[in-house]
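The next block holds one structure in the form of structure tokens; read it before the comments.
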Amino acid sequence: HQLSLITFRSLGDQELEAYWLSGEPEGKAGGYAIQGRAQAWISQFQGSYSGVMGLPLYETEQLLRLAGYRV
């Protein structure tokens, strides 16, 4: 199990409103899409990028190997 920590820079009300109105954060579990416009606001990142996107690829590969699958 890996924890991912993401820190955004301070955002102004106009930036947040414009982002919301763009429709990009709609339906996102964390309220933002790390692969989209929000990535420009990330000042610090620790952890699994693919895990934040939705499927932790490194961890999934490790589990598949443990289960005997060749990846």
Side-chain angles (χ1 to χ4, degrees):
H1 180 280
Q2 184 177 4
L3 180 67
S4 295
L5 300 172
I6 299 161
T7 304
F8 287 87
R9 69 168 173 78
S10 291
L11 298 166
D13 290 343
Q14 288 180 331
E15 288 176 297
L16 292 170
E17 184 177 2
Y19 187 59
W20 178 255
L21 292 174
S22 77
E24 186 173 290
E26 190 173 332
K28 307 296 187 289
Y32 69 96
I34 194 170
Q35 71 276 22
R37 294 169 50 182
Q39 67 183 314
W41 301 328
I42 297 172
S43 60
Q44 280 188 297
F45 180 89
Q46 295 175 329
S48 170
Y49 181 83
S50 62
V52 172
M53 284 189 54
L55 178 65
L57 297 175
Y58 174 80
E59 293 84 353
T60 301
E61 179 187 28
Q62 298 303 306
L63 290 171
L64 288 172
R65 286 181 190 273
L66 284 172
Y69 291 94
R70 294 182 111 203
V71 236

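This chain uses plain numbering: 1 for the first residue, then up along the sequence.
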Worksheet, complete the sentence: Nearest heavy-atom contact between Lys28 and Ala33 is CE-CB, 3.7 Å
Item to complete: Quick one: pull up CD in Gln39 and OH in Tyr49 and give me the separation to the nearest 0.5 Å.
Response: 5.0 Å
Worksheet item: How many angstroms lie between CD in Gln44 and CZ in Phe8, if you round to the nearest 0.5 Å?
Response: 12.5 Å
Worksheet entry | Flag if over 12 foreign heavy atoms under 6.0 Å of OH, Tyr58 | no
Discussion item. Count I, L, V, M, F, W, Y as connected when their side-chain heavy atoms are under 4.5 Å apart, and connections chain through other members. Are Ile42 and Leu11 then in the same cluster?
Written reply: yes
Worksheet entry | Gap between atom CD1 of Ile34 and atom CE of Met53 - 0.5 Å precision | 8.5 Å
Discussion item. Would the distance check show the side chain of Thr7 and the main-chain N or O of Ser43 forming a donor-acceptor pair, the cut-off being under 3.5 Å?
Written reply: no
Item to complete: Could you grab the distance from atom CG of Leu64 to atom CZ of Arg70, nearest 0.5 Å is fine?
Response: 13.5 Å
Worksheet item: So do Glu17 and Asp13 actually touch side chain to side chain, heavy atoms under 4.5 Å?
Response: no
Fill in: Considering all heavy atoms, the nearest Pro25-Ser22 contact
CD-OG, 4.1 Å
Worksheet entry | Any donor-acceptor pair under 3.5 Å from Glu15 side chain to Gly12 backbone | yes
Practice prompt. Give the minimum heavy-atom separation between Tyr19 and Gly31, together with the two atoms involved.
Written response: CE2-O, 4.0 Å
Worksheet item: Tyr32 and Trp41: aromatic ring centres closer than 6.0 Å?
Response: no
Practice prompt. Kindly say whether Val52 contributes a backbone atom to a donor-acceptor pair with the side chain of Ser4 at under 3.5 angstrom?
Written response: no
